[in-house]
Protein chains: 2
Amino acid sequence: MPSANEQAALSRLFALFSNPTRLNLLVALRSAFRSEQPELCVCDLEAITGASQSLVSHQLGALREAGLVTSRRAGRLVYYRMTAAAIATLLDDALLAVRREAA
Amino acid sequence: MPSANEQAALSRLFALFSNPTRLNLLVALRSAFRSEQPELCVCDLEAITGASQSLVSHQLGALREAGLVTSRRAGRLVYYRMTAAAIATLLDDALLAVRREAA
DNA sequence: GCAATACATGAGCAATCCTTCATATGATGG
DNA sequence: CCATCATATGAAGGATTGCTCATGTATTGC
């Protein structure tokens with residue numbers, strides 16, 4: 001029985017996950033997070049998702065504002081990474097749930 | 001690395017979870033699902049969530065259409081229940097993730 | 001300094017969503 | 001049957017969202 005605040009936080013989190021572009025970014029950052037190269041630059045994310053530079057930047061901004069990712073500038077490049085392992089595992093759990101349903 | 005289909009299914013699922021009213025319904029149905037009384041009628045859900053009859057019915061319709069809940073009529077009442085344990089556990093996982101972040 | 005590269009940001013439009021109001025359907029009791 | 005209760009559904013308006021286009025800012029190489 002989550003509190004009202006927790007439910008509000010949950011729905012905000014789910015709203016961030018519900019956009020295909022953002023989800024795509026999160027999925028990419030999740031797998032980076034698990035490798036020896038835990039961050040990706042905007043141009044990488046652009047290539048991976050196939051979305052426009054502006055769109056990627058906008059959605060990364062949303063994720064950053066929500067605290068799900070952080071950014072670090074290195075020269076002209078800006079590298080993003082997931083802030084929390086909890087988010088990465090949540091994505092895994094959700095994927096498992098979807099696969100269970102599909103089966 | 002989820003497939004494109006899986007990602008689409010994921011984002012649809014998250015979209016359903018992102019609305020506070022629907023999330024509230026799901027949370028209520030989740031705890032019912034775990035008790036000896038796994039279903040709740042619309043009027044119960046109305047009382048629990050505090051939302052209007054029409055709104056509750058609309059959102060239950062959305063959840064039903066997505067296959068997350070099923071309904072059963074008993075006289076004038078209609079009882080709803082979660083279809084999948086996977087969804088219940090996903091809600092638990094998400095709540096844990098949010099609590100981890102808040103801490 | 002200037003051009004070019006990488007990224008961020010703001011405005012704006014189309015589309016979707018959320019909720020309400022009104023009304024319809026289904027079931028029961030008298 | 002008729003009134004009533006429980007739920008479903010449709011239309012409609014306002015708000016929110018998603019994306020694009022245009023432009024701004026930061027950094028580097030020359």
Side-chain angles (χ1 to χ4, degrees), chain A residues 4 7-29 32 37 39-82, chain B residues 4 7-29 32 37 39-82:
Chain A
Q7 280 201 36
L10 262 187
S11 71
R12 279 194 298 271
L13 185 66
F14 286 138
L16 285 168
F17 285 15
S18 71
N19 176 264
T21 306
R22 276 191 307 261
L23 185 58
N24 214 333
L25 292 170
L26 286 170
V27 164
L29 288 171
Q37 177 60 42
E39 29 182 37
L40 294 171
C41 69
V42 178
C43 52
D44 287 340
L45 291 166
E46 225 172 301
I48 292 173
T49 64
S52 75
Q53 182 270 317
S54 176
L55 181 53
V56 168
S57 197
H58 272 294
Q59 304 297 22
L60 284 173
L63 296 175
R64 181 166 18 95
E65 203 168 351
L68 298 189
V69 303
T70 46
S71 61
R72 169 181 76 89
R73 181 176 276 274
R76 305 187 202 185
L77 303 182
V78 175
Y79 288 95
Y80 280 80
R81 87 153 72 195
M82 299 194 66
Chain B
Q7 278 200 38
L10 261 189
S11 70
R12 279 193 299 271
L13 186 65
F14 286 138
L16 285 168
F17 285 14
S18 72
N19 175 266
T21 305
R22 274 189 311 258
L23 185 58
N24 214 331
L25 292 171
L26 287 169
V27 164
L29 288 170
Q37 176 60 41
E39 28 182 38
L40 293 171
C41 69
V42 178
C43 52
D44 286 341
L45 291 165
E46 226 173 299
I48 292 172
T49 63
S52 75
Q53 183 271 318
S54 177
L55 180 53
V56 168
S57 197
H58 271 296
Q59 303 297 22
L60 283 173
L63 295 176
R64 180 166 16 95
E65 203 169 350
L68 298 189
V69 303
T70 47
S71 60
R72 168 181 76 88
R73 181 177 275 274
R76 305 187 201 183
L77 302 183
V78 176
Y79 288 95
Y80 280 79
R81 87 153 72 196
M82 297 195 69

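Just so it is clear, the values below take in all heavy atoms, side chains as well, and ignore hydrogens, waters and symmetry mates. Just so we're on the same page: letters track the sequence lines, and every chain starts at 1. Small disclaimer: the values here were computed from a predicted structure and weren't measured.
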Exercise. Is the side chain of A/Arg12 donor-acceptor paired with the backbone N or O of A/Phe14 at a distance under 3.5 Å, no angle test?
Worked result: no
Exercise. Once you round it to whole Å, what is the distance between C1' of C/dC7 and CG of A/Leu25?
Worked result: 14 Å
Exercise. For A/Leu60 and A/Val69, which heavy atoms make the closest approach, and how far apart are they?
Worked result: O-CG2, 4.1 Å
Problem set entry | Pair of N/O donor and acceptor under 3.5 Å linking C/dC7 base with A/Ser54 side chain | no
Exercise. Quick one: is D/dG18 close enough that its OP1 or OP2 comes under 4.0 Å of any side-chain N or O from A/Arg22?
Worked result: yes
For this session: Would you check, one step at a time, whether the test side-chain contact (heavy atoms from CB on, under 4.5 Å) holds for B/Leu29 with B/Leu45?
Result: CA-CA 8 Å; B/Leu29 288 170; B/Leu45 291 165; 4.2 Å; yes
Seminar exercise, completed: Ranking D/dT20, C/dC7, D/dT7 by distance to the side chain of A/Cys43, first place goes to C/dC7
For this session: Look at the side chain of A/Ser57 and the backbone N and O of A/Gln53, then say whether any donor-acceptor pair between them is shorter than 3.5 Å.
Result: no
Problem set entry | B/Leu68 side chain reached by B/Leu13 side chain, heavy atoms, under 4.5 Å | yes
For this session: Report yes if at least one side-chain N or O of A/Thr21 is closer than 4.0 Å to OP1 or OP2 of D/dC19; otherwise report no.
Result: yes
Problem set entry | Contact under 4.0 Å: A/Tyr80 side-chain N or O vs C/dA8 OP1/OP2 | yes
Seminar exercise, completed: From the candidates C/dG26, C/dC18, C/dC7, the one with an atom nearest any side-chain atom of B/Arg73 is C/dG26
Exercise. C/dT19, D/dT7, C/dA6: which one has an atom nearest the side-chain heavy atoms of A/Leu77?
Worked result: C/dA6
For this session: Whole angstrom is fine here: how far is it from OH in B/Tyr79 over to C1' in D/dA6?
Result: 11 Å
Exercise. Atom CD of B/Gln59 and atom P of D/dT7: how far apart are they, to the nearest Å?
Worked result: 16 Å
Exercise. What integer distance in Å separates B/Asn24:CG from C/dT19:P?
Worked result: 11 Å
Problem set entry | Closest listed nucleotide, where the reference is the side chain of A/Arg76 and the choices are D/dT28, C/dA27, D/dT9 | D/dT28
Give me, pair by pair, the N or O atoms of the protein and of nucleotides 11-15 of chain C that are less than 3.5 Å apart, along with how far apart they are.
none

Exercise. Any sub-3.5 Å donor-acceptor pair from B/Gln59's side-chain atoms to B/Gly61's backbone N or O?
Worked result: no
Seminar exercise, completed: Between CG of B/Asp44 and P of D/dA6 the distance, given in whole Å, is 11 Å
For this session: Using modelled atom types only, decide if a donor and an acceptor are shared between the side chain of B/Arg22 and the backbone of B/Ala15 within a distance under 3.5 Å.
Result: yes
Problem set entry | OP1 or OP2 of D/dT9 under 4.0 Å from side-chain N/O of B/Ser57 | no
Exercise. To the nearest angstrom, how far is A/Arg12 atom CZ from D/dT16 atom P?
Worked result: 15 Å
Problem set entry | Distance in angstrom units between B/Asn19 CG and D/dA15 P, rounded | 17 Å
Problem set entry | Closest-nucleotide ordering on DNA chain C, the 5'-leading residue of B/Ala74 and B/Leu55 | B/Leu55
For this session: Would you mind reading off the distance between B/Leu45 atom CG and D/dA6 atom P, rounded to a whole angstrom?
Result: 14 Å
For this session: Check whether any side-chain N or O of B/Gln53 sits under 4.0 Å from OP1 or OP2 of D/dC5, and answer yes or no.
Result: no
For this session: Would you confirm whether A/Gln37, through its side chain, and A/Glu39, through its main-chain N or O, come within 3.5 Å as a donor-acceptor pair?
Result: yes
